Number of protein chains: 2
Amino acid sequence: MEQGVLLTKMASLVALTDEDRRALDALPIIDTKVARRRPIMPQGAQPDYVYLLRSGWAARHEVRADGSRRITGFLLPGDFCGIHAICHAAMDHAIIALTDCVVGKIDGSAFADLCHQSSAINQAVWRAKLIEEAVLRKWLLFSTDSYQGVAHLLCELYVRAAVVGLAADGQCRVPLTQEEIGDALGITAVHTNRVIQRLRGEGIIDLSHHELTIRDAAALTRAGAFDRSYLEPWLSENAISLLG
Amino acid sequence: MEQGVLLTKMASLVALTDEDRRALDALPIIDTKVARRRPIMPQGAQPDYVYLLRSGWAARHEVRADGSRRITGFLLPGDFCGIHAICHAAMDHAIIALTDCVVGKIDGSAFADLCHQSSAINQAVWRAKLIEEAVLRKWLLFSTDSYQGVAHLLCELYVRAAVVGLAADGQCRVPLTQEEIGDALGITAVHTNRVIQRLRGEGIIDLSHHELTIRDAAALTRAGAFDRSYLEPWLSENAISLLG
DNA sequence: CGCCCTTTTGAAGAAAATCAAGGGCAGTGG
DNA sequence: CCACTGCCCTTGATTTTCTTCAAAAGGGCG
């Protein structure tokens with residue numbers, strides 16, 4: 001595997017010049033495998049490297065004093081983590097592999113240099129960060145209602161997967177357990193199960209064996225009050241578009 | 001008022017050279033007054049300017065279809081908003097004045113140039129953004145328990161106010177209504193009131209007339225499981241410090 | 001086949017929302 | 001100076017949502 005996901009992702013964020021593409025291709029990336037449930041980055045780390053998720057799914061999470069945890073974000077192929085390296089900050093949370101993953105390690109200062117040299121790449125990195133932040137805000141916005149929360153999360157994951165070519169035609173692999181979905185929404189696995197069953201019973205989705213099938217995209221969008229524009233904030237057309 | 005808050009804030013994030021200070025001082029800032037409850041930046045805007053809150057409190061928020069809203073962040077003097085300008089993205093949320101505010105307008109490309117020229121300032125802006133993101137994650141982490149959530153929020157606000165010289169000796173002006181606190185935590189104003197009364201009854205805090213008094217810092221820190229290190233992620237000493 | 005992890009189901013209990021109404025305080029205007 | 005008004009805080013009773021606890025049923029894999 002070469003820089004595939006990285007280029008796809010960057011190109012989805014900004015218009016890249018040929019020079020940008022060459023620079024990205026030339027970026028030395030060291031791939032590492034991380035097994036499911038293993039840490040990719042511990043809380044408190046001060047990474048020297050920026051990490052790029054090349055394949056697999058991962059999550060940002062924080063563990064509470066009582067042992068419970070909250071997932072504060074899902075990472076899909078093409079997503080960065082450890083951007084903290086570019087400003088020498090410590091990780092306030094941990095990153096863990098949800099499936100077997102391949103993680104690319106990019107030297108932090110090489111990455112920072114690249115951002116300094118190419119304004120498009122710098123912009124792409126900022127945009128990626130702003131989108132991540134927007135996602136966090138949506139999670140807060142919709143975490144007060146579990147039904148809406150689950151629906152919105154599934155929309156988010158579907159669209160994000162589609163951007164990197166991992167979803168199409170209302171089908172998407174979502175390798176999460178119901179417990180992990182619950183940890184993301186701040187609800188129990190039991191309650192997550194009931195919400196998913198409700199969505200299934202209403203004929204809106206099917207979610208089993210880690211495969212999501214959206215049976216009624218309009219209803220799911222409505223249930224989750226989902227508007228994908230926060231995932232593409234530079235498209236000024238503020239049309240409330242469906243999942244497609 | 002000159003660049004006071006800006007310098008204080010930046011200096012709290014990185015070590016500034018004299019040149020950085022001069023550059024920041026030379027930055028043209030246009031001040032505007034915004035009255036309480038008035039928008040500072042609407043959702044969907046594609047700002048050309050980076051805004052700096054010079055005095056007063058503001059909030060990021062999003063309104064739901066049913067008219068309810070969620071506050072997704074509080075802005076204190078020295079905080080930036082509209083960083084979206086530096087990568088030409090649209091605002092996914094709105095910013096509103098919670099008190100009468102003075103807002104400084106900084107040309108987006110001038111600001112971007114400054115970041116490009118000074119690595120310290122670039123680092124400071126990144127750090128400020130990472131802290132904001134860390135705050136969002138803590139809100140998610142602690143929003144499942146209203147008691148812990150209120151306690152944690154008050155700790156956050158106290159520490160952030162202290163950083164810019166607006167809090168000391170366990171006293172801090174917190175110009176929020178209970179409804180606004182509730183909107184930040186995703187709970188109703190009624191329930192917020194009961195939680196605050198509980199904290200008051202336990203002798204931990206006093207919060208009335210927009211004045212917060214921390215009567216038992218250790219108990220408040222405990223109640224909110226608060227660890228200020230996420231607000232200063234470059235200090236590698238991971239000691240769980242009290243509010244001090 | 002048997003084991004572990006995940007999903008599913010049921011019943012009881014806790015947390016927070018909702019609905020409704022009263023009370024305090026500050027600013028306004030007579 | 002005092003009454004009025006609007007906003008915010010406070011309190012109580014009821015209902016909804018979600019948790020907790022417990023246990024059973026699938027499904028994949030050694």
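Fair warning: this is a prediction, and the values are worked out from it, not measured in the lab. Labels below follow one simple rule: chain letters A, B, ... track the order of the sequence lines, proteins then strands, and each chain is numbered from 1.
Both A:Ala189 and B:Glu179 lie near DNA chain D, and the one whose nearest nucleotide falls closer to the 5' end is B:Glu179.
With salt bridges taken as basic N to acidic carboxylate O contacts below 4.0 Å, none links B:Glu132 and B:Lys138. Using a cut-off of 4.0 Å between Lys/Arg side-chain N and Asp/Glu carboxylate O, A:Asp79 and A:Arg160 are scored as salt-bridged. Salt-bridge check for B:Glu156 with B:Arg228: failed, with every basic side-chain N at 4.0 Å or more from each acidic carboxylate O.
Atom CD1 in B:Ile196 sits roughly 12 Å away from atom P in D:dT11 (whole-Å rounding). Distance A:Gln148 CD to D:dT16 P: 19 Å, rounded to the nearest Å. Between A:Leu207 atom CG and C:dT6 atom C1' the separation is 13 Å, expressed in whole Å. For the pair B:Glu180 CD and D:dC7 P, the computed distance is 13 Å after rounding to whole Å. Atom CG of A:Asp183 and atom P of C:dT6 are 12 Å apart (whole Å). The interatomic distance linking A:Leu199 (CG) with C:dT8 (P) rounds to 12 Å, in whole Å. Remark: C1' of C:dT7 and NE2 of A:His210 are 10 Å apart, rounded to the nearest angstrom. Rounded to a whole Å, the CD1 atom of A:Ile187 is 17 Å from the C1' atom of C:dA14.
The phosphate of C:dC5 has neither OP1 nor OP2 within less than 4.0 Å of any side-chain N or O from A:Arg37. A close approach under 4.0 Å does occur between a side-chain nitrogen or oxygen of B:Asn193 and OP1 or OP2 of D:dT10. Contact between the side-chain N/O atoms of A:Thr188 and the OP1/OP2 oxygens of D:dT19 is found at a separation under 4.0 Å. Phosphate contact (OP1/OP2 of C:dT8, side-chain N/O of A:Arg200, threshold under 4.0 Å): present. Contact annotation: A:Gln178 reaches the phosphate of C:dT8 (side-chain N/O to OP1 or OP2, under 4.0 Å). An OP1 or OP2 oxygen of C:dT6 is reached within less than 4.0 angstrom by no side-chain nitrogen or oxygen of A:Thr177.
B:Gly182 comes within 4.0 angstrom of no nucleic acid atom, judged by non-hydrogen atoms across all strands. Nucleic acid contact for A:Arg36: sugar-phosphate only, since backbone atoms but no base atoms lie under 4.0 Å from a heavy atom of the residue. Within the nucleic acid shown, A:Ser146 comes within 4.0 Å of sugar-phosphate atoms alone, with no base atom in reach, counting heavy atoms only. Backbone-only contact: B:Gly186 has heavy atoms under 4.0 Å from sugar-phosphate atoms and none from a base.
Counting heavy atoms from C-beta outward, B:Ile71 and B:Arg60 have side chains that stay 4.5 Å or more apart.
Under the 6.0 Å cut-off for aromatic ring centres, A:Tyr230 and B:His84 do not qualify, their centroids lying 6.0 Å or more apart.
Closest approach to the A:His209 side chain among D:dA22, D:dG27, D:dT10 is made by D:dG27 (side chain taken as heavy atoms from C-beta onward). With D:dC18, C:dA16, C:dA11 as the choices, the nucleotide that has an atom nearest any side-chain atom of A:His191 turns out to be D:dC18. Closest approach to the B:Arg194 side chain among D:dT11, D:dC21, D:dC18 is made by D:dT11 (side chain taken as heavy atoms from C-beta onward).
For the atom pair NZ (B:Lys9) and CG (B:Leu53), the distance works out to 10.0 Å, reported to the nearest 0.5 Å.
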